[in-house]
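Computed from a predicted model, the values in this text were never measured in an experiment.
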Amino acid sequence: GHLAGVIRPLAREWRFRTLGEYRAVLSLYGITVDEVKGEYGGREYHGLTYSATDREGNKVGKPFKSSVFGKEAGIAALERRMHNAAAWEKTHKEVAAATAGKVAAAMQTAGHDRAQFERELMRQGIGVVFRQNEAGRIYGATFIDHAAKAVFNGSRLGKEFSAGVFNDLFAGQEGIHLPQPSAGVEHPTRQQEHTGASQWDGHTGYRPDHKDGTTQNVAASFNLFALVPGGASGDQPVPPQRKKKKRRKYGRQQ
């Protein structure tokens with residue numbers, strides 16, 4: 001279906017250095033990915049699940065284990081891609097530089113007009129995903145170069161492209177909404193900002209060590225997976241979880 005048609009080529013062909021960057025490009029197509037980690041029966045498990053999302057970035061329908069989409073969509077293959085992307089970037093600095101140039105030009109043209117900024121970028125084949133908290137503060141900005149199939153956290157392009165800069169530029173402005181999937185922009189705006197480790201107790205949540213500060217928690221729905229022995233793909237059985245208030249799955253970006 002739609003999910004497999006998007007996930008397989010993205011996982012195989014795109015360049016991203018963190019799970020957050022991979023999630024940003026998936027979000028343009030109405031899909032999100034979550035990490036699941038923990039221990040069951042004395043065995044560690046670490047895997048991914050994919051879910052379809054609505055226009056606001058909220059999950060709809062049931063999550064699917066990554067093994068449904070093949071090994072390339074699983075955590076081990078993606079970690080290899082992230083590692084390779086970091087090496088590739090060192091020898092292809094011109095790709096990030098070209099993306100940064102387009103972002104800078106769009107900022108110049110658009111000034112404080114967020115919708116115009118997004119249109120300018122789209123005209124140049126660049127998508128942008130902003131993450132905002134409930135109060136509308138932008139705490140994440142990720143740029144997606146469709147031609148190069150490369151994803152860049154704003155602050156990695158340069159500190160003048162970090163989330164804080166765009167928050168100051170576009171204070172309180174909503175993004176434009178476009179039909180999906182688009183080569184352009186989709187704005188998850190209903191996300192809570194995680195403010196600290198106090199929300200996590202060792203059972204239902206964890207804080208993975210991703211450079212972009214993406215935080216996840218294991219959602220209550222994961223117990224719908226039958227407990228089967230994990231295959232070589234790294235998909236391990238997922239234990240039943242206590243019901244827990246649904247949280248948005250995005251963390252603060254530095």
Side-chain angles (χ1 to χ4, degrees), residues 1-35 48 50-53 57 64 66 68-107 117-131 140-158 161-163 166 175-176 178-188 210-212 214 250 253:
H2 165 65
L3 267 67
V6 173
I7 291 164
R8 287 191 181 120
L10 280 186
R12 246 200 319 264
E13 298 162 21
W14 280 64
R15 294 191 173 89
F16 39 85
R17 279 173 52 175
T18 64
L19 205 59
E21 290 176 5
Y22 178 54
R23 183 178 295 112
V25 68
L26 283 169
S27 78
L28 296 183
Y29 300 93
I31 301 171
T32 193
V33 62
D34 291 305
E35 225 175 335
L48 296 175
Y50 291 87
S51 310
T53 59
F64 295 94
S66 67
V68 172
F69 307 106
K71 272 198 173 65
E72 68 238 303
I75 191 82
L78 290 173
E79 279 174 350
R80 269 196 306 280
R81 281 208 68 71
M82 292 177 209
H83 181 76
N84 294 343
W88 178 87
E89 226 171 84
K90 285 192 180 76
T91 55
H92 294 77
K93 291 203 167 74
E94 72 281 1
V95 177
T99 302
K102 289 172 182 172
V103 176
M107 287 168 84
F117 174 68
E118 288 163 0
R119 282 195 301 273
E120 284 295 320
L121 280 181
M122 209 189 310
R123 226 168 35 78
Q124 305 183 75
I126 307 289
V128 58
V129 174
F130 290 117
R131 279 164 307 290
T142 306
F143 296 93
I144 291 144
D145 185 326
H146 288 276
K149 295 186 175 174
V151 192
F152 302 99
N153 189 304
S155 53
R156 207 165 74 244
L157 290 177
F161 307 115
S162 65
F166 291 106
I176 49 173
L178 295 161
Q180 281 184 293
S182 68
V185 275
E186 179 61 20
H187 301 287
H210 283 306
K211 280 198 193 64
D212 62 355
T214 306
Y250 292 83
Q253 299 234 335

Next on the checklist: Pair Leu26, Thr32 - check side-chain contact (heavy atoms from CB on, under 4.5 Å), show working.
Outcome noted: CA-CA 6 Å; Leu26 283 169; Thr32 193; over 6 Å; no
Checklist entry - Would you say Glu21's side chain and Asn153's backbone share a donor-acceptor pair under 3.5 angstrom? => result yes
Next on the checklist: So which atom in Ile75 and which in Glu35 form the shortest heavy-atom distance, rounded to 0.1 Å?
Outcome noted: CD1-OE2, 3.9 Å
Checklist entry - In Å and rounded to the nearest 0.5 Å, what is the CZ to OG distance from Phe161 to Ser155? => result 11.5 Å
Item to check | Check: Ala73 main-chain N/O paired with Tyr50 side-chain donor or acceptor under 3.5 Å | outcome: yes
Checklist outcome for this item: Nearest heavy-atom contact between Ala141 and Ala163 is N-CB, 4.1 Å
Checklist outcome for this item: In short, salt bridge (Lys or Arg N to Asp or Glu O under 4.0 Å) pairs touching residues 90-106 with sequence neighbours left out are none
Checklist outcome for this item: Across all chains, not counting sequence neighbours, the side-chain hydrogen bond (donor to acceptor under 3.5 Å, both in side chains) partners of Arg8 are none
Item to check | Residues in salt bridge (charged side-chain N to carboxylate O under 4.0 Å, His left out) contact with Arg81, at least two apart in sequence or another chain | outcome: none
Item to check | For His83, side-chain hydrogen bond (donor to acceptor under 3.5 Å, both in side chains) partners two or more places apart | outcome: none
Item to check | Steps toward side-chain contact (heavy atoms from CB on, under 4.5 Å) verdict (Leu19, Leu48) | outcome: CA-CA 10 Å; Leu19 205 59; Leu48 296 175; 4.1 Å; yes
Checklist entry - Is a side-chain N or O of His2 found less than 3.5 angstrom from the main chain of Ile31, in a donor-acceptor match? => result no
Next on the checklist: Assess the residue pair Val95 and Glu89 against the criterion (side-chain contact (heavy atoms from CB on, under 4.5 Å)); give the C-alpha distance rounded to whole Å, side-chain angles, the decisive distance to 0.1 Å, and a yes or no.
Outcome noted: CA-CA 8 Å; Val95 177; Glu89 226 171 84; over 6 Å; no
Item to check | From CG (Leu28) to CD1 (Ile144), nearest 0.5 Å | outcome: 4.0 Å
Checklist entry - Considering all heavy atoms of both residues, which atom of Ala52 and which atom of Leu3 are nearest to each other, and what is their separation? => result CB-CD1, 4.1 Å
Checklist outcome for this item: Taken in chain and number order and not counting sequence neighbours, the residues that satisfy salt bridge (charged side-chain N to carboxylate O under 4.0 Å, His left out) with Arg80 are none
Checklist entry - Looking at CG of Leu157 and CZ of Phe143, how far apart are the two atoms once the value is rounded to the nearest 0.5 Å? => result 7.0 Å
Checklist outcome for this item: Closest heavy-atom pair, Phe16 versus Leu10, reported as atoms and distance to 0.1 Å, is CE2-O, 3.8 Å
Checklist entry - Do Ile7 and Tyr22 touch side chain to side chain, with heavy atoms closer than 4.5 Å? => result yes
Item to check | Which residues share a side chain to side chain contact (heavy atoms under 4.5 Å, CB included) with Ala85, sequence neighbours left out | outcome: Arg15, Arg17
Item to check | Spacing of Thr142 atom OG1 and Arg156 atom CZ [to the nearest 0.5 Å] | outcome: 9.0 Å
Checklist outcome for this item: The reported gap from CZ in Arg23 to OG1 in Thr53 (rounded to nearest 0.5 angstrom) is 11.5 Å
Checklist entry - Taking all non-hydrogen atoms of both residues, which atom of Val129 and which atom of Ala24 are closest, and how far apart? => result CG2-O, 3.5 Å
Next on the checklist: Tell me if the centroids of the rings in Phe117 and Phe166 come within less than 6.0 Å of each other.
Outcome noted: yes
